2 protein chains.
Amino acid sequence: MRYARPGQPVRGSKTGKPIMALFDLLGRNWALGIIWQLSAGAMTFRALQERCEGVSPSVLNTRIKELTASGLITRGEAGYCLTEMGEELFALIRPLGAWSMDWAARLDAPDA
Amino acid sequence: MRYARPGQPVRGSKTGKPIMALFDLLGRNWALGIIWQLSAGAMTFRALQERCEGVSPSVLNTRIKELTASGLITRGEAGYCLTEMGEELFALIRPLGAWSMDWAARLDAPDA
DNA sequence: TAATACGCTACGAATTAAATAGCAAGAGGT
DNA sequence: ACCTCTTGCTATTTAATTCGTAGCGTATTA
């Protein structure tokens, strides 16, 4: 398996620029969703799967491995959770929650 | 083609929550990279393709349509560019640039 | 002992992306 | 008119990813 890591070429990025490695990592199905859900606290594999609307275990497992290798999540006593870096990243993407609601409203009423 | 739009079920999201629709949209290959590159200003299809490390035209074209339908990018005189909403979104993800460099450094030296 | 929850793995099918070639339209020059 | 170039994009084939489902092995609880 090929993991997205800064400093080396990754899928879709021949330069290995950190931001492109990050985009490659996050630009996979459910990667952002997993971080988002884990921000609520540690949870088991199956709880996480359920929160991610029943994503298939194979995809979930793959994402977990990628995110773990990238130092964003880890597995503790209470299940999977964000690492310190993962919490930092979540703090950055957190505003997307509020913004997405604005976005949704404006897509419904483009003349706002 | 099935576009990611808030308010209705999308790929991987049966609930239609705005944040999940957004994650679905951004969680596709090159979606984030395209927004990132367009923040530098309007550019032609081929210029954008070149900046995205030679992404295939079919993928680029698909992403352009999705992002256009979602109101994040548009096509003006000088080529493709971010809409007002696109600029807003970029402002939110912009901090990822600096953070990703920290992240890269800490992955190389985990004992920092 | 049975039942349950757990973290996964296997595998075929479906979807998505990549790679490459090339077309039609427009601009510009000769 | 003709050639050349750029542009936006489509077509086609092939590769990679994701999905959906079934189920295994272990641990815990009843």
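The chains referred to below are lettered A, B, ... by the order of the sequence lines, with proteins before strands, and numbering in each begins at 1. The structure displayed is predicted, hence computed values, not measured ones.
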Just how far is it from atom CE of M85(A) to atom CG of D102(B), taken to the nearest 0.5 Å? 10.0 Å
Closest to the N29(B) side chain, choosing from dC19(D), dA17(C), dA19(C): dA17(C)
Same cluster or not: are L22(A) and M101(B) linked, directly or through other Ile, Leu, Val, Met, Phe, Trp or Tyr residues, by side-chain heavy atoms under 4.5 angstrom apart? no
Base-paired stems that DNA chain C participates in, counting runs of 3 or more Watson-Crick or G-U pairs under 3.5 Å: C:1-30 with D:1-30
Could you check how far CD1 of I34(A) sits from P of dT18(D), rounded to whole Å? 11 Å
Does anything in residues 78-88 of chain B pair up under side chain to side chain donor-acceptor pair (under 3.5 Å), and if so which pairs, sequence neighbours excluded? W99(A)-E88(B), R106(A)-E88(B)
Side-chain contact, heavy-atom cut-off 4.5 Å: L38(B) with L67(B)? no
Tell me, which of residues 71-82 of chain B have any heavy atom that sits under 4.0 Å from an atom in DNA chain D? R75(B), Y80(B)
What ring pair (Phe, Tyr, Trp, His ring centres under 6.0 Å) pairs are there with at least one residue in residues 53-77 of chain B, not counting sequence neighbours? none
Return no unless some side-chain N or O of N61(A) is found under 4.0 Å from OP1 or OP2 of dT9(C). yes
Test of understanding: with side chain to side chain contact (heavy atoms under 4.5 Å, CB included), list the residues that count as partners of V59(B), not counting sequence neighbours. V55(B), S56(B), R63(B)
I need the residues from residues 42-51 of chain A with at least one non-hydrogen atom less than 4.0 Å from DNA chain C; give them sorted by number, or say none. T44(A), F45(A), R46(A)
Please identify each residue that fulfils side chain to side chain contact (heavy atoms under 4.5 Å, CB included) with A47(A), with sequence neighbours left out. M43(A), T44(A)
Residues passing the side chain to side chain donor-acceptor pair (under 3.5 Å) test with Q37(B), sequence neighbours excluded, are R51(B)
Is the phosphate of dT18(D) approached by R63(A) (side-chain N or O, under 4.0 Å from OP1 or OP2)? yes
Between C1' of dA16(D) and CG of D24(A), the distance in whole Å: 13 Å
Taking only the side-chain nitrogens and oxygens of K65(B), find out if one of them lies under 4.0 Å from OP1 or OP2 of dG8(D). no
Between dT20(C), dG20(D), dT18(D), which nucleotide has the shortest distance from any of its atoms to the side chain of S56(A)? dG20(D)
Qualifying ring pair (Phe, Tyr, Trp, His ring centres under 6.0 Å) pairs with a residue from residues 38-71 of chain B, counting only residues at least two apart or across chains: none
Take atom CG of L60(A) and atom P of dC19(D), then tell me their distance rounded to the nearest Å. 11 Å
Tell me: CZ of R28(B) to C1' of dA18(C), nearest whole Å? 17 Å
Could you tell me if the side chain of L96(B) sits less than 4.5 Å from the side chain of F23(A), heavy atoms only? yes
Contacts of V59(B) and I64(A) projected onto DNA chain C by closest heavy atom; the upstream (5') one is I64(A)
Just verifying a value: how many Å separate Q49(A) CD and I64(A) CD1, rounded to the nearest 0.5 Å? 9.0 Å
